2 protein chains.
Amino acid sequence: MATTIRQVAEAAGVSIATASRALSGSDAVVPATKDRVLRVAAALDYTPSRLARGLVTGTTGNIGLIFPDITNPFYTSFLAEVESLVGAHDLGIVIGDSHEDPDREYALVRQMSTQVDRLVLTSSRLTDEQIVAAAGRLPIVLANRRLGDDMAMPPRLSQMVIDVDAGFTAAVTHLYKLGHRRLTYLDGPARSWSARQKRAVLTRVCGELGLNLTIVGIERPDFTAGLAAGTDLDLDQATAVLAFNDQVALGVLAALRARGIDVPGRISVIGCDDSLPDGLAWPALSTVDSSSRALGALAAAAVLDPESKQNGSVPTRLIVRRSTARAAVDLNPREEKTPEPS
Amino acid sequence: MATTIRQVAEAAGVSIATASRALSGSDAVVPATKDRVLRVAAALDYTPSRLARGLVTGTTGNIGLIFPDITNPFYTSFLAEVESLVGAHDLGIVIGDSHEDPDREYALVRQMSTQVDRLVLTSSRLTDEQIVAAAGRLPIVLANRRLGDDMAMPPRLSQMVIDVDAGFTAAVTHLYKLGHRRLTYLDGPARSWSARQKRAVLTRVCGELGLNLTIVGIERPDFTAGLAAGTDLDLDQATAVLAFNDQVALGVLAALRARGIDVPGRISVIGCDDSLPDGLAWPALSTVDSSSRALGALAAAAVLDPESKQNGSVPTRLIVRRSTARAAVDLNPREEKTPEPS
DNA sequence: TTGAAAGCGCTAACAG
DNA sequence: CTGTTAGCGCTTTCAA
């Protein structure tokens, strides 16, 4: 079907080995021969088979990427960043979507392991043991997830996370200073390592500051879920809302606007990721900057340079915009709340 | 490194051929043997090499997808749809981003051609000739692009487009009936086939109806460009804006809101794609429904069933929401416009 | 029902 | 500098 190196060699009147050398730019070929081979190859529109090459060299020229949900902008922008960094080295990119299912994720790992050189697992839903097992097959880059401290770190594994500590601490402190005492947090996916991190920081900081924290689980961390949460939001419960990501926060904003509730006058809203283009949210959304693009850049670096250090982390910080303001209600509302007309 | 079929065969005490047959579920193996092989394979955590298999069978179990810009939600949702349909058949998915560059796109086609069974080209920036050449290498699915009528249709090429005619005609007619006579269109990428389609329909329909059409080129069809366009928008120029896609329309909406210009009171806005979740746009955006998900479904069907018909098309229609209303200004404003205080 | 052997397209020693 | 040869891991005749 397609042209093979054999046909090129024959047409150029050289051996297959020489053709191979010429094609791969080896300098152990006299220029005249090399030129001839290259010319013939071009004329025949020859493209080397990546399969065959991979079989013999043991390196495929592909990298793999696995996501829990490629529908989520967090991962698409991660993907875009990795692509632009890695694609330039003409490595191929193989992707897979586990749909949040650990079994499917592991099946993808196996399937891909035979056709990529390195595998990036984003927000992996696998167990630590499974991840270590995967690292036994091929070098793994863990993004947005870190193995438990008790796990022995396999040599061919690197991990990079978003360090939400600073950003979330700043967010809560910011709210506290504005007089907020009751905060609702719209949580992320149950199996998610990063959701656990955020929850942990939040719980700790709220505890330290004496801020009342309500954690609300949502189905998927997207606009629609945020809209629903914003619609159901009990205004007596909290004076501020912090969302797992900007999509959810955007949904909350939309719901509150529809309910005629002023943001930030009546309630403050904070998102996470700083993923929205300027001007998209109304009012402009305060957010914890924790870009998946930055995480993607880190992952790409780890993929491209196997010597890079094994642990990376993206710092976070709070970006204050319009959606947060001084708490309008009293600090201790339960005591002073005017009785509801019944 | 990894377990090979040879090790499985040895451990099971059978020949490689028998192991292969057992593993591939051939019925020409006595059940006892088959079981043994399977058990051993599982114990050894054996995963067949896709490379080796592909080399001999000539089929890789992968499909390829090439985009002009994976950053664009139009393509990510296309990708998500294809993935969910195609991924279930455990085919691998290889992606590439041409960054709008035809040369890079063709390089990707070549690179991928040796490791995928079929290739989906979305909004291809290649020439018709290059596309035909690509179809000579492997079966091609052209999405959001159609070869010129004068081109001989290669046998292994199928093409599917979004038929914008109905939707755009309805949009313009809708505006016309509301009294609008001057329309600004925010155009898509220069090299884009679909942008050309939209422009053509618009020009024709506006001509027929006697509607004044201003076409404004924008850099990239995203929110930021829409914001800029909306900021620069000359309100004397038009009473309605139609955008290449919803992202741009969203930007326009944001800009107008920032300028304090009422939509739809002062100006009507229509998007394209119906890609925004309900409630995201404010006011709710009238749009031409032309989902890239539907296009993705069509492409996936073509990929999965080579026998499927070669030409597909996604119908479009107008969805009227809040962002369009009766033109507030007079039909012939130039004559009645109050003089500016200078 | 199983095994031996050929070979997919390519690279990498090893000779010449 | 170039050709010969031996595989990479797998499937698939062809015999037994």
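Note that the structure is predicted; figures quoted are calculated from it, not measured.
- Remark: P of D/dG9 and CD of A/Gln115 are 16 Å apart, rounded to the nearest angstrom.
- A side-chain donor from one of B/Ser192 and B/Ser194 sits under 3.5 Å from a side-chain acceptor of the other.
- When rounded to the nearest whole Å, the span between CZ of B/Arg6 and P of D/dT11 equals 15 Å.
- A donor atom on one side chain and an acceptor atom on the other are not found under 3.5 Å apart for A/Asn144 and A/Thr122.
- No donor-acceptor pair under 3.5 Å is formed between the side chain of A/Arg156 and the backbone N or O of A/Pro154.
- A donor-acceptor pair under 3.5 Å links the side-chain atoms of B/Thr3 to the main chain of B/Leu44, judged by distance alone.
- Residue B/Ser20 places at least one side-chain N or O closer than 4.0 Å to OP1 or OP2 of D/dT11.
- Atom-to-atom, CD1 of A/Ile5 to P of C/dG9 comes out at 11 Å; the value is rounded to the nearest Å.
- When distances run from any side-chain atom of A/Ala28 to the nucleotides C/dG7, C/dT2, D/dT2, the shortest one goes to D/dT2.
- At whole-Å resolution of the value, CZ in B/Arg53 and P in D/dT12 are 9 Å apart.
- A/Asp35 has its CG atom 14 Å from the P atom of D/dC1, to the nearest Å.
- A/Leu55 has its CG atom 9 Å from the C1' atom of C/dC8, to the nearest Å.
- Without hydrogens or angle criteria, A/Arg53 side chain to A/Pro48 main chain gives no donor-acceptor distance under 3.5 Å.
- Comparing B/Thr33 and A/Arg50 against DNA chain C, the residue whose closest nucleotide sits nearer the 5' end is B/Thr33.
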ask   = Are B/Arg145 and B/Glu105 close enough, and set up right, to give a salt bridge (Lys or Arg N to Asp or Glu O under 4.0 Å), and what steps lead you there?
value = CA-CA 15 Å; B/Arg145 164 81 183 259; B/Glu105 182 175 356; over 6 Å; no
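- No engagement by A/Thr114 is indicated, since no non-hydrogen atom pair under 4.0 Å with the nucleic acid exists.
- Dashed line: the shortest gap from a side-chain N or O of B/Ser49 to OP1 or OP2 of D/dC8 is not under 4.0 Å.
- Rounded to an integer number of Å, the gap from A/Arg36 CZ to D/dC1 C1' is 13 Å.
- The aromatic rings of A/Phe67 and A/Phe78 sit perpendicular, their planes meeting at an angle over 60°, well past the 30° parallel limit.
- In this structure, CG of B/Leu23 is placed 15 Å from C1' of D/dT12, rounded to the nearest angstrom.
- At most 12 non-hydrogen atoms from other residues, nucleotides or ligands lie less than 6.0 angstrom from CZ of B/Arg191.
- Considering only side-chain N and O atoms, B/Thr18 lies under 4.0 angstrom from the phosphate OP1 or OP2 of C/dG3.
- Other residues, nucleotides and ligands contribute at most 12 non-hydrogen atoms within 6.0 Å of the CG atom of B/Asp149.
- Residues of residues 10-17 of chain B that place a heavy atom closer than 4.0 Å to DNA chain D, in numerical order, are B/Ile16, B/Ala17.
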If you restrict it to nitrogen or oxygen atoms, what contacts under 3.5 Å exist between nucleotides 14-16 of chain C and the protein, and what is each distance?
none

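- Sequence order on DNA chain C of the closest nucleotides to B/Val30 and B/Ala52 puts B/Val30 first from the 5' end.
- Under the 3.5 Å distance criterion, with hydrogens and angles disregarded, no donor-acceptor pair is assigned to the side chains of A/Thr114 and B/Thr47.
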